[in-house]
Amino acid sequence: MKPGIPKGTRDFSPEEMIRRNHVFHTIQNVYRKFGYVQIETPAMENLTTLEGKYGDEGDKLLFRILNSGEPFQKLSKPAPEVRTSEVSEKGLRYDLTVPFARYVVMHQNEITFPFKRFQIQPVWRADRPQKGRYREFYQCDADVIGSNSLLNEVELVRIIIEVFKSLGIQISVRLNNRKILAGLAELIGEPEKIIDITVAIDKLEKIGREKVVEELLNKGLSKDAVQKLQPVFDMGGDNDTILASLERMLKDSETGMKGIFEMNFILDTLKDVYPNDIVPVVDVTLARGLNYYTGSIIEVKVDDSRSEFSSSICGGGRYDDLTGIFGLPGVSGVGISFGADRICDVLEEIGAFPDFSNISTRILFVNFGQAEARHCLKIVSALRDKGIYAELYPDEAKMKKQMSYADSRKIPFVALVGTEEMKSRKITVKNMEDGSQSSLSIDDLVAKLG
RNA sequence: GUGAUUGUAGCUCAGCUGGUUAGAGCGCUAGAUUGUGGAUCUAGAGGUCGUGGGUUCGAGCCCCAUCUUUCACCCCA
């Protein structure tokens with residue numbers, strides 16, 4: 001049998017894992033610094049938990065797990081009409097936010113609100129893989145649930161900026177508010193078409209004004225309604241200009257005005273508290289597909305001359321009632337999610353990973369035979385007790401082979417302890433970089449490597 | 001789901017309009033060098049040409065199907 005792995009999944013080599021862990025640890029450290037605590041949830045959830053939370057597209061991309069116990073046994077042979085629900089009741093998680101909402105409801109009596117949790121785990125989507133798109137990928141989520149304060153939004157933006165500063169990636173942050181989009185839909189008298197409108201508007205930059213108008217008309221909007229959206233197409237300038245013109249448009253929409261207020265609050269607070277940070281850009285065209293967002297919407301893209309990466313690498317927003325469907329209404333949450341795999345792709349592309357050579361074994365002991373190996377193991381053990389990464393070559397192989405092993409592992413020192421050294425209680429240490437050799441006591445060696 | 005694209009040695013890839021025994025570089029193994037890695041030289045191992053059908057006297061090359069790779073659309077981290 002020829003080995004293989006499912007489409008859109010990947011193996012990670014030791015070198016890649018070092019890099020990936022660097023990203024995970026950087027994000028995790030920032031989360032911890034801001035008071036977030038970690039949880040994990042199962043890879044699979046009940047389909048009832050997952051379905052209907054991500055829109056029609058999302059449901060299509062859910063990986064469904066076949067029930068165990070031969071679910072097809074009772075079915076007739078030639079492709080019977082069978083409802084998915086009859087053969088599958090579990091699915092792999094599509095994101096971390098919905099399972100988190102489920103977690104909050106199930107554990108509401110143990111949780112002290114506001115609850116600030118982070119979660120770093122893989123998610124699965126049955127997408128067609130392409131650039132920056134995998135069927136298994138890691139999300140690094142931080143959410144605050146049980147607090148309406150806009151200070152949470154402010155904090156999350158600050159976290160984003162700190163993370164990417166630590167990683168060394170230049171970014172741009174875009175900010176929008178679902179209430180503004182709802183206000184616009186209200187304004188043109190098509191409040192129930194908010195999703196269609198936002199999805200179309202989102203493409204403005206990509207496909208241009210005419211195509212967007214065409215798409216809106218196709219979705220059943222009247223010419224008059226589309227005409228009313230014109231100011232949105234023309235919107236430009238700095239944040240204040242955009243917000244001012246939105247205010248003119250939405251002055252009669254209570255929801256819309258609330259969205260504008262929220263945006264202003266977040267931007268003003270950021271400017272006041274973090275005057276040196278990059279400023280999020282107000283962007284009415286930012287839609288984000290996830291159906292459950294109700295307030296702020298955040299998206300981060302790479303803005304680095306060294307990178308061509310155009311997909312978003314972090315996103316988030318506020319959802320006012322995600323726990324409601326699980327039976328805990330009136331609890332608002334807001335969160336962000338870093339796409340670790342895409343971030344790794346970007347770091348790779350721009351060569352911004354730190355140098356991780358030499359973080360493993362520092363010294364390898366050559367194996368000359370049973371008695372020598374035993375003697376060396378004692379020294380190795382003493383070194384490890386001092387916190388020095390050391391290892392003994394397990395086989396009594398040829399010198400060349402053992403040296404090559406050290407070389408390919410980039411181990412900087414090799415210890416040669418044969419009968420001579422055992423007698424004199426010394427260790428011959430070879431520096432693999434310059435080839436120099438010296439004869440040292442254990443204490444000298446500890447001092448050299450420690 | 002739609003439209004393209006890819007698959008030949010462990011890796012990166014050649015392989016002419018279909019024509020004898022499918023090649024190279026790197027890597028690997030052994031030796032030159034039995035207590036010294038990288039550099040050099042020599043030798044060697046390694047392939048059902050993604051898979052299954054078809055066309056043909058003859059298929060790595062043409063046709064069909066399928067899987068896989070990569071990319072765009074849709075959507076998204």
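Numbered from 1 within each chain, the chains take letters A, B, ... in sequence-line order.
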- From I343(A) atom CD1 to T26(A) atom OG1, the distance as rounded to the nearest 0.5 Å: 9.5 Å
- Message: Measure CZ/R135(A) against C1'/A77(B) and give the value in whole Å, please.
- Response: 16 Å
- Message: What does the B/S/- profile of nucleotides 32-43 of chain B look like, 5' to 3', with a 4.0 Å heavy-atom cutoff to protein?
- Response: ---BBBB-----
- Item | U70(B) to A65(B) separation - P atoms, rounded to the nearest Å | 23 Å
- Item | Along RNA chain B (nearest heavy atom to each residue), the more 5'-positioned of Y138(A) and E57(A) | E57(A)
- Expressed as a whole number of Å, how far does the P atom of C63(B) sit from that of G25(B)? 32 Å
- Separation between the C1' atoms of U17(B) and U21(B), rounded to whole Å: 23 Å
- Query: Looking at T323(A), D320(A), N152(A), which hits side-chain hydrogen bond (donor to acceptor under 3.5 Å, both in side chains) with S332(A)?
  - Reply: D320(A)
- Message: Is the ring pair F118(A)/Y31(A) parallel, tilted or perpendicular, if the boundaries are 30 and 60 degrees?
- Response: tilted
- Message: Tell me whether K60(A) is salt-bridged to E57(A), with the criterion being a basic N under 4.0 Å from an acidic carboxylate O.
- Response: yes
- Query: What nucleic acid atoms does K7(A) come within less than 4.0 Å of, heavy atoms only: base, sugar-phosphate, or nothing?
  - Reply: sugar-phosphate
- Message: Please give the distance between the P atoms of G18(B) and C61(B) as a whole number of Å.
- Response: 11 Å
- Hey, what do you get for CZ (F12(A)) to CZ (R19(A)), rounding to the nearest 0.5 Å? 13.0 Å
- base_contact_polar (C71(B) base, R128(A) side chain, donor-acceptor, <3.5 Å): no
- Using distance alone, with no hydrogens and no angle criterion, decide if E162(A) and Y274(A) have a side-chain donor and acceptor under 3.5 Å apart. no
- Q130(A) side-chain N/O to A72(B) phosphate OP1/OP2 under 4.0 Å: yes
- Query: F115(A) vs F100(A) aromatic rings, parallel, tilted or perpendicular, using cut-offs 30° and 60°?
  - Reply: tilted
- Establish, with yes or no, whether the OP1 or OP2 oxygen of G31(B) is under 4.0 angstrom from a side-chain nitrogen or oxygen of K398(A). yes
- Message: For U33(B), give the paired nucleotide (Watson-Crick: N1-N3 plus N6-O4 or O6-N4; G-U: N1-O2 and O6-N3; both under 3.5 Å), or none.
- Response: none
- Item | Any strand: nucleotide that pairs with A65(B) via Watson-Crick or wobble, under 3.5 Å | U51(B)
- Message: Heavy atoms only, 4.0 Å cut-off, all strands: where does C140(A) land among base, sugar-phosphate and nothing?
- Response: nothing
- Query: Base, sugar-phosphate, or nothing for Y134(A), non-hydrogen atoms under 4.0 angstrom?
  - Reply: base
- Query: In the strands shown, is G58(B) matched to any nucleotide by a Watson-Crick or G-U wobble pair with both distances under 3.5 Å, and which?
  - Reply: none
- Spacing of the P atoms in G31(B) and A9(B) (rounded, Å): 28 Å
- Which base, if any, makes a Watson-Crick or G-U wobble pair with C26(B), both distances under 3.5 Å? G10(B)
- If the P atom of A22(B) is compared with that of C49(B), how far apart are they to the nearest Å? 10 Å
- Parallel, tilted or perpendicular, as decided by the 30° and 60° cut-offs, for the rings of F164(A) and F338(A): tilted
- Just call it for G132(A): base, sugar-phosphate, or nothing, with non-hydrogen atoms closer than 4.0 Å on any strand. base
- Query: Which part of the nucleic acid, if any, lies within contact of K410(A), taking any heavy atom under 4.0 Å across all strands shown: a base, the sugar-phosphate backbone alone, or nothing?
  - Reply: nothing
